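Encoded as structure tokens, the structure appears first; notes follow it.
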Amino acid sequence: MAEIGLRPRLLVKDVMTSPVVTIAENGSVRKVAQLMDKNDVGSIIVTNKEGKPVGIITERDLVRRVLAKSTQAGRIKAKNIMTTPLLTIDPDETLAEAARKMSRLNVRRMGVIYKGNLLGFVSSRDILSVMPELLETIQERAKIEKEPIPEEEAPEPLPLAGYCDHCGRWSDTLKEVEGRMLCEECQTELQGEY
């Protein structure tokens, strides 16, 4: 980390996991578990019919949304238990910035997207394996960032990819509006109603 004076600047693309194990959103949860076991991974990216990433399923999702509810994994579709939208990051972001985003968003994994294509994913474990000294810095920064930021200093929220809660279409630029994730068209349309 150049800013800490410890290492050269490492980027997300330097440590991301690629290729990514994926499953179609209509695939069964049983298949998700089988893919995780076969590929020795703790998460699977869920894709839509066009092959675009729409969510993620982690081991924790399987435990909390399937096993804890005693449901039959062969009958449940991946889209019903995935976490969506998939939070993403650019491959040229620094690892320090990736760690800050994960901490701020309270996630452990993010999809790595370049020009709308899924290149891989990066996890907090990936980052800490090459930069363990970041752990303390990230924890301190997370405490500081939890303090309220004046509205005029707050950064513009990053766009997310996923399905619009209003029209149901895929969008690479979703934004949260009154608790709903909306595409640009629906944001404009709903602003006219107010």
Side-chain angles (χ1 to χ4, degrees), residues 12 16-33 35-36 43-62 64-66 68-69 71-93 97-98 100-123 149 151-194:
V12 168
M16 71 180 185
T17 300
S18 183
V20 179
V21 179
T22 63
I23 189 164
E25 60 189 343
N26 287 325
S28 74
V29 170
R30 175 171 309 206
K31 183 69 175 173
V32 169
L35 285 169
M36 284 182 177
S43 63
I44 302 274
I45 302 293
V46 181
T47 59
N48 65 12
K49 293 173 189 165
E50 293 80 36
K52 296 285 186 184
V54 293
I56 187 170
I57 299 175
T58 65
E59 292 169 331
R60 184 176 182 194
D61 293 328
L62 288 175
R64 295 179 77 207
R65 297 175 182 161
V66 179
K69 297 186 187 237
T71 54
Q72 293 183 349
R75 295 184 181 177
I76 302 170
K77 303 288 183 202
K79 66 182 177 184
N80 298 122
I81 69 158
M82 70 181 178
T83 300
T84 189
L86 176 65
L87 301 176
T88 62
I89 192 162
D90 188 271
D92 291 319
E93 289 281 354
E97 182 57 30
R100 281 191 283 274
K101 285 180 182 178
M102 286 180 187
S103 177
R104 188 171 58 248
L105 297 169
N106 196 27
V107 296
R108 295 184 193 140
R109 297 169 184 90
M110 295 181 83
V112 181
I113 304 285
Y114 181 70
K115 293 186 178 180
N117 296 314
L118 179 67
L119 296 182
F121 76 92
V122 65
S123 70
I149 300 172
E151 194 170 311
E152 62 274 0
E153 292 179 25
E156 178 71 22
L158 295 173
L160 300 172
Y163 289 108
C164 175
D165 288 338
H166 183 71
C167 69
R169 288 183 299 215
W170 174 262
S171 172
D172 289 326
T173 57
L174 291 177
K175 286 192 180 175
E176 185 177 357
V177 178
E178 296 181 2
R180 296 170 55 197
M181 299 305 288
L182 302 176
C183 65
E184 290 181 83
E185 293 84 20
C186 291
Q187 291 170 42
T188 304
E189 177 184 317
L190 293 176
Q191 284 176 348
E193 293 177 9
Y194 296 114

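Note that the structure is a prediction, hence the values are computed from the model and not measured.
- Counting heavy atoms from C-beta outward, Glu25 and Thr47 have side chains that stay 4.5 Å or more apart.
- Using a 4.5 Å cut-off on side-chain heavy atoms (C-beta onward), His166 and Glu185 make no contact.
- Taking both residues in full, the closest heavy atoms of Val112 and Asp90 are given as CG1-C, 4.3 Å, listed atom of the first, atom of the second, then distance.
- Residues Pro85 and Met181 approach most closely at CG-CE, 4.4 Å, considering heavy atoms.
- For the residue pair Arg64/Thr58, the side-chain donor-acceptor check at 3.5 Å is not satisfied.
- Between the side chain of Asp165 and the backbone N or O of Leu182, no donor-acceptor pair lies under 3.5 Å.
- Salt bridge status for Glu184 with Lys175: absent, with no side-chain N to carboxylate O gap under 4.0 Å.
- The two atoms that bring Met110 and Thr88 nearest to each other are CE-O, 3.2 Å, heavy atoms only.
- One distance of note links OG1 of Thr83 with CD1 of Ile56; it measures 7.5 Å at 0.5 Å rounding.
- The heavy-atom pair separating Arg169 from Cys183 by the smallest distance is NH2-SG, 4.4 Å.
- Contact annotation: the side chain of Leu119 never approaches that of Ile113 to less than 4.5 Å [non-hydrogen atoms, C-beta and beyond].
- Summarising the geometry, atom CD1 belonging to Ile76 is positioned 11.5 Å from atom CZ belonging to Arg65; distances are rounded to the nearest 0.5 Å.
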- Message: Run Thr17 and Val122 through side-chain contact (heavy atoms from CB on, under 4.5 Å) and show every step you take.
- Response: CA-CA 6 Å; Thr17 300; Val122 65; over 6 Å; no
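- Looking at Met102 and Arg108, their side chains never come closer than 4.5 Å, going by heavy atoms from C-beta outward.
- The structure places CG of Asp61 at 11.5 Å from CD1 of Ile44, a figure rounded to the nearest 0.5 Å.
- Interatomic distance, OG1 of Thr22 versus CG of Leu118, reported as 8.0 Å (0.5 Å rounding).
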- Message: Using the rule given for side-chain contact (heavy atoms from CB on, under 4.5 Å), can you reason through Ile45 versus Val21, listing the C-alpha separation, both sets of side-chain angles and the distance that settles it, and then say yes or no?
- Response: CA-CA 6 Å; Ile45 302 293; Val21 179; over 6 Å; no
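- Across every non-hydrogen atom of Gly116 and Lys52, the tightest pair is O-NZ, 3.0 Å.
- With a 6.0 Å radius and a threshold of 12 heavy atoms from other residues, nucleotides or ligands, Lys77 has its NZ atom above the threshold.
- Using a 4.5 Å heavy-atom threshold, the side chains of Val12 and Asp92 count as separate.
- Taking NZ from Lys31 and CG from Asn26, the interatomic distance works out to 14.5 Å, rounded to the nearest 0.5 Å.
- Between Val46 and Ile57 there is a side-chain heavy-atom pair separated by less than 4.5 Å.
- Val54 places a side-chain heavy atom less than 4.5 Å from the side chain of Met82.
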